[in-house]
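The sequence lines fix the lettering, A, B, ..., with proteins before strands; numbering per chain opens at 1. As the structure is a prediction and not an experimental result, all values here were calculated from the model.
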There are 2 protein chains.
Amino acid sequence: MATPLGRTRLEFIEVAGRVCQIVGLPRSVGQVYGLLYLSPRPLALDDIADQLSISKASVSTGTRQLAAWQAIRQVWVPGDRRDHFEAVGDLRELLRSVYSGFFSPKYAKTGRKLEVLLSTLEAERREGSVSRDDHDFYKERLAHLVQIQSRASKLLPLMEKLL
Amino acid sequence: MATPLGRTRLEFIEVAGRVCQIVGLPRSVGQVYGLLYLSPRPLALDDIADQLSISKASVSTGTRQLAAWQAIRQVWVPGDRRDHFEAVGDLRELLRSVYSGFFSPKYAKTGRKLEVLLSTLEAERREGSVSRDDHDFYKERLAHLVQIQSRASKLLPLMEKLL
DNA sequence: CAGTTCGTTCAATCTCGTTTGAACAGTTAG
DNA sequence: CTAACTGTTCAAACGAGATTGAACGAACTG
């Protein structure tokens, strides 16, 4: 079969690419994953580049990225010495690893920064560079942030479980 | 007071800007909100532009955006005919409105698209343009997506409640 | 050992969306 | 009415980062 891309696949690849773009990832990464996710057979690097009409370079970096996240895996196809790729079936596992590898660190960093801000604030108060009223105002606002942060810290693990 | 930006504010504005950038919003929007959130007094458009060293144009569009989300409100300061802005205290309310105004629609759209894909797939099967095996494969993959979608549809309202 | 075939790397290019300066319209003040 | 001031709009500039083509190195092939 000449494997013409069906309307279904095209639509899906489009969506996958767009999702990646929104999250701040290269569109090509999403396209590659989308193509592989809906591909009954593993595809070689060339095939991917051809079908998506993007350069091998993009596919090369994209596949490496996706493989690092274990979103796709490299499979060996007898009689072909090229690398072939297929999407890992369990999408939930992927979401989980993306979360713990990308989102969770950022989140933790934010938490630490918040603490730093609080101590900085106290320091500035002691220096007298902030009036009492302003100090109280700032403290209230930061306290609100801390509250949200703590709520989120309870919510996120829950998400991981339920998803 | 000449209101020199304290280290605290600078740090916070930096973070707010970065967060916006990650979510795909203009950095300036985050900066404006960050500045206002930590400002004990309402600020005029000029003040914001000055303190952030960005153009009035950016501030103008930014404030309008933020006001539309009710993240900030316009307040009248006696004796000054310029518009002044202050951040709305309740950040949770903001998160909720951002969710329902931006995220939720996108999510619904995705759901609809998924259904379209399923029917398209069936159509292609009937046309005979897809082999039975491939059809089954596609169906399985799409079913997985639908499953994730339905789980998420239960999770998101929960988030809204707990946050 | 040449000659291919693959995959990766990297500098150059291109693309997209933010940012800006300048012009504009509306409003107040003298 | 004119002048000053405020906020908005818009085309153009700019910058970040994705994409690409070409060159390279490695692995196979005959």
Side-chain angles (χ1 to χ4, degrees), chain A residues 13-36 42-69 71-86 102 106, chain B residues 13-36 42-69 71-86 102 106:
Chain A
I13 290 167
E14 159 93 22
V15 171
R18 208 165 288 273
V19 166
C20 272
Q21 239 177 344
I22 289 174
V23 186
L25 267 55
R27 174 163 76 256
S28 59
V29 169
Q31 291 174 308
V32 170
Y33 183 76
L35 177 61
L36 289 175
L43 296 179
L45 197 142
D46 301 310
D47 303 332
I48 300 173
D50 283 351
Q51 295 200 27
L52 294 178
S53 303
I54 61 180
S55 69
K56 282 201 308 174
S58 290
V59 178
S60 178
T61 57
T63 49
R64 210 142 26 80
Q65 182 101 253
L66 288 167
W69 293 339
I72 64 176
R73 71 165 69 95
Q74 231 165 337
V75 298
W76 177 67
V77 171
D80 195 331
R81 85 180 148 89
R82 297 174 298 174
D83 295 336
H84 287 243
F85 300 93
E86 69 177 10
F102 179 83
K106 296 253 178 194
Chain B
I13 290 167
E14 159 93 23
V15 171
R18 209 165 288 273
V19 167
C20 273
Q21 240 177 342
I22 289 174
V23 186
L25 267 54
R27 171 163 78 256
S28 60
V29 168
Q31 290 175 309
V32 169
Y33 183 76
L35 177 61
L36 289 175
L43 296 178
L45 196 142
D46 301 310
D47 303 332
I48 300 174
D50 284 351
Q51 295 198 28
L52 294 178
S53 303
I54 62 180
S55 69
K56 279 200 311 173
S58 291
V59 178
S60 178
T61 58
T63 49
R64 213 141 26 79
Q65 182 102 257
L66 288 166
W69 294 339
I72 65 177
R73 71 165 68 93
Q74 231 166 337
V75 298
W76 176 66
V77 172
D80 195 331
R81 88 180 145 88
R82 297 174 298 173
D83 295 336
H84 287 244
F85 299 93
E86 71 177 8
F102 178 82
K106 296 252 180 196

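Among residues two or more places apart in sequence or in another chain, the side-chain hydrogen bond (donor to acceptor under 3.5 Å, both in side chains) test is passed with Asp47(B) by none. Evaluation of the salt bridge (Lys or Arg N to Asp or Glu O under 4.0 Å) rule for Arg73(A) yields Glu86(A) as partners, not counting sequence neighbours. With sequence neighbours excluded, no residue forms a salt bridge (Lys or Arg N to Asp or Glu O under 4.0 Å) with Asp50(A).
Residues from residues 54-64 of chain B with heavy atoms under 4.0 angstrom of DNA chain C, sorted by number: Ile54(B), Ser55(B), Ala57(B), Ser58(B).
Summarising the geometry, atom NE2 belonging to His84(B) is positioned 13.0 Å from atom CD1 belonging to Ile72(B); distances are rounded to the nearest 0.5 Å. For the atom pair Leu52(A) CG and Leu35(A) CG, the distance stands at 5.0 Å (nearest 0.5 Å). Note that CG of Asp46(A) and CZ of Arg82(A) are 5.0 Å apart. Values are rounded to the nearest 0.5 Å.
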I'd like a table of donor-acceptor pairs (distance under 3.5 Å, sequence neighbours excluded) in which one partner is a side-chain atom from residues 54-66 of chain B, with atom names and distances.
unit_1: Ser55(B); atom_1: OG; unit_2: Ser58(B); atom_2: N; d: 3.3
unit_1: Ser55(B); atom_1: OG; unit_2: Ser58(B); atom_2: OG; d: 3.4
unit_1: Thr61(B); atom_1: OG1; unit_2: Ala57(B); atom_2: O; d: 3.3
unit_1: Thr61(B); atom_1: OG1; unit_2: Ser58(B); atom_2: O; d: 2.9
unit_1: Thr63(B); atom_1: OG1; unit_2: Val59(B); atom_2: O; d: 2.8
unit_1: Thr63(B); atom_1: OG1; unit_2: Ser60(B); atom_2: O; d: 2.9

Expected list for residues 15-33 of chain B: side-chain donor-acceptor pairs under 3.5 angstrom, two or more places apart:
unit_1: Arg18(B); atom_1: NE; unit_2: Glu14(B); atom_2: OE2; d: 3.2
unit_1: Arg18(B); atom_1: NH2; unit_2: Glu14(B); atom_2: OE2; d: 2.3

Filtered N/O pairs between nucleotides 27-30 of chain C and protein, under 3.5 Å:
none

Might you list the N or O atoms of the protein lying below 3.5 Å from N or O atoms in nucleotides 13-16 of chain C, with each pair's distance?
none

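In this structure, the CG atom of Asp47(A) is 16 Å from the P atom of dT5(C), given to the nearest Å. For His84(A) and dG7(C), the NE2 to P distance is 8 Å, given to the nearest whole Å.
With contacts defined as side-chain heavy-atom distances shorter than 4.5 Å, the pair Ile48(B)/Phe85(B) qualifies. Leu43(B) places a side-chain heavy atom less than 4.5 Å from the side chain of Leu36(B).
In terms of position along DNA chain D, the nucleotide closest to Arg82(B) lies nearer the 5' end than the nucleotide closest to the other residue of the pair Val29(A) and Arg82(B). Residue-to-nucleotide proximity on DNA chain C shows that, of Asp80(A) and Pro26(B), the 5′-proximal contact is made by Asp80(A).
Scanning DNA chain D 5' to 3' for nucleotides with an atom closer than 4.0 angstrom to a non-hydrogen atom of chain B gives a first and last hit of dC5(D) to dT9(D).
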